[in-house]
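First the structure, in the form of structure tokens, and then the observations on it.
From a predicted model like this one, the values you see are computed outputs, not experimental measurements.
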Amino acid sequence: MTEPPTRRRAPGMSTEQRRAMIVAAALPLVAEYGAAVTTAQIARAAGIGEATIFRAFKDKEEVLAACTAEAMNPHHVQRELASISLDQPLADRLTEAAEAMRAHLTRMGAVAGALHASGHRRDRTPGRSPGDRTPGDRPADSRETAMRATRDALTELVEPDRATLRLPPERVASIFLGMLFTQLHFGAEGAEADPAEFVDVLLHGTLRKPGSGT
């Protein structure tokens, strides 16, 4: 008589995989509810028991810090920038870059804004001293390194057209970032230029060419 095959249990998640899964489920909730989100809501969204959260994180504060760190993680957008084809015209390359950067900055703003609006202050967390760090804290040199890497990725997108530009590619990349940050931070609601219009202004300005209707 043939014995039935032995069933093997699927390998369990590592702690890091479990943390990543919980953060992915929590991020939209944090963006919506800020610090008012409950671990029960997060558990339901992740399809796990609430106790599983506390096997991966010390407390809800650590979950919020991990969500903040993930929202601000520049590696995702840097990978998107690196995947843009250099065979496209410059305007198309920069339009894709603007779309990727805008999505990244919007997510950052949604998470940070929701936490702030809900009264969340990491430095005022009970039991936490000002010198303590959580996974959501990023030192200034880390932010500068991330910004430099993003600027370098944008410079690579512009580099193939160096000969046709009035400014060096690295300068164009810096202006691109400055304009994008300014527009998203100070732009009036409903008045934001779409990515293609934004890039057109960057490359061609707003003045009509003399003697033309455009």
Side-chain angles (χ1 to χ4, degrees), residues 16-17 19-21 23-25 27-28 30-31 66-113 135-214:
E16 284 307 308
Q17 288 173 326
R19 286 172 65 96
M21 178 267 291
V23 168
L27 264 173
V30 174
C67 287
T68 301
E70 178 63 16
M72 296 185 176
N73 187 344
H75 295 155
H76 305 300
V77 73
Q78 287 166 10
R79 282 196 295 270
E80 287 192 52
L81 295 177
S83 71
I84 296 173
S85 173
L86 297 181
D87 295 332
Q88 301 180 86
L90 177 59
D92 292 345
R93 274 177 264 150
L94 290 180
T95 297
E96 283 193 39
E99 291 169 346
M101 287 295 304
R102 179 176 287 182
H104 172 63
L105 295 172
T106 298
R107 185 170 74 158
M108 281 177 54
V111 171
D137 293 327
R138 296 180 62 210
D141 59 342
S142 175
R143 290 193 295 271
E144 178 56 35
T145 298
M147 180 59 70
R148 190 182 306 115
T150 301
R151 191 164 52 243
D152 289 347
L154 287 166
T155 299
E156 289 182 19
L157 286 178
V158 179
E159 181 62 40
D161 288 79
R162 176 185 285 272
T164 66
L165 297 168
R166 293 173 49 226
L167 299 173
E170 54 272 20
R171 182 63 181 146
V172 174
S174 294
I175 294 172
F176 175 98
L177 285 172
M179 288 176 61
L180 190 63
F181 281 128
T182 300
Q183 184 193 48
L184 290 177
H185 189 67
F186 294 108
E189 186 176 353
E192 294 179 358
D194 65 41
E197 184 180 29
F198 167 82
V199 170
D200 185 63
V201 171
L202 171 69
L203 295 179
H204 306 295
T206 59
L207 291 176
R208 292 179 177 176
K209 296 178 181 178
S212 73
T214 59

Grab the two heavy atoms, one from Ala91 and one from Val199, that are nearest each other, plus how far apart they are.
-> O-CG1, 3.7 Å
Determine, step by step, whether Met101 and Thr150 satisfy the side chain to side chain contact (heavy atoms under 4.5 Å, CB included) criterion, reporting the C-alpha distance in whole Å, the side-chain angles of both residues, the deciding distance to 0.1 Å, and the verdict.
-> CA-CA 9 Å; Met101 287 295 304; Thr150 301; 3.8 Å; yes
Where Phe181 and Leu105 come nearest, the two heavy atoms and their spacing = CE2-CD2, 3.3 Å
Side-chain donor-acceptor contact under 3.5 Å, Glu170 with Thr155 = no
Tightest non-hydrogen contact, residues Leu154 and Phe176, listed as CD1-CD2, 3.7 Å
Before giving the answer on side chain to side chain contact (heavy atoms under 4.5 Å, CB included), spell out for Asp194 and Thr95 the whole-Å C-alpha distance, their side-chain angles and the decisive distance to 0.1 Å.
-> CA-CA 9 Å; Asp194 65 41; Thr95 297; over 6 Å; no
Would you please test Glu159 and Arg162 for salt bridge (charged side-chain N to carboxylate O under 4.0 Å, His left out) and show each step?
-> CA-CA 5 Å; Glu159 181 62 40; Arg162 176 185 285 272; 2.8 Å; yes
Output for pair (Leu27 CG, Thr68 OG1), nearest 0.5 Å, gives 8.5 Å
Once you round to the nearest 0.5 Å, how far does CD1 of Ile84 lie from CG of Asp92?
-> 10.5 Å
Over all atoms of both residues, closest heavy-atom pair of Ala71 and Met108 | O-CG, 3.1 Å
Heavy atoms of Ser83 and Glu80 approach each other most closely as OG-O, 2.8 Å
May I ask you to test the Cys67-Glu70 pair for a side-chain heavy-atom distance under 4.5 Å?
-> no
Cut-off 3.5 Å, side chains only: do His104 and Arg107 have a donor facing an acceptor?
-> no
Report the C-alpha distance between Gln17 and Met21 in whole Å, list the side-chain angles of each, state the deciding distance to 0.1 Å, and finish with yes or no for side chain to side chain contact (heavy atoms under 4.5 Å, CB included).
-> CA-CA 6 Å; Gln17 288 173 326; Met21 178 267 291; over 6 Å; no
Test item: Glu156 and Leu81 side chains (from C-beta on) under 4.5 Å apart, heavy atoms | no
Kindly indicate whether the side chain of Ile175, heavy atoms from C-beta on, has any atom under 4.5 Å from the side chain of Leu167.
-> yes
For the residue pair Ala146 and Gln78, what are the closest heavy atoms and their distance?
-> O-NE2, 3.3 Å
Determine, step by step, whether Arg148 and Asp152 satisfy the side chain to side chain contact (heavy atoms under 4.5 Å, CB included) criterion, reporting the C-alpha distance in whole Å, the side-chain angles of both residues, the deciding distance to 0.1 Å, and the verdict.
-> CA-CA 6 Å; Arg148 190 182 306 115; Asp152 289 347; 4.1 Å; yes
Leu157 backbone acceptor or donor facing Arg93 side chain under 3.5 Å | yes
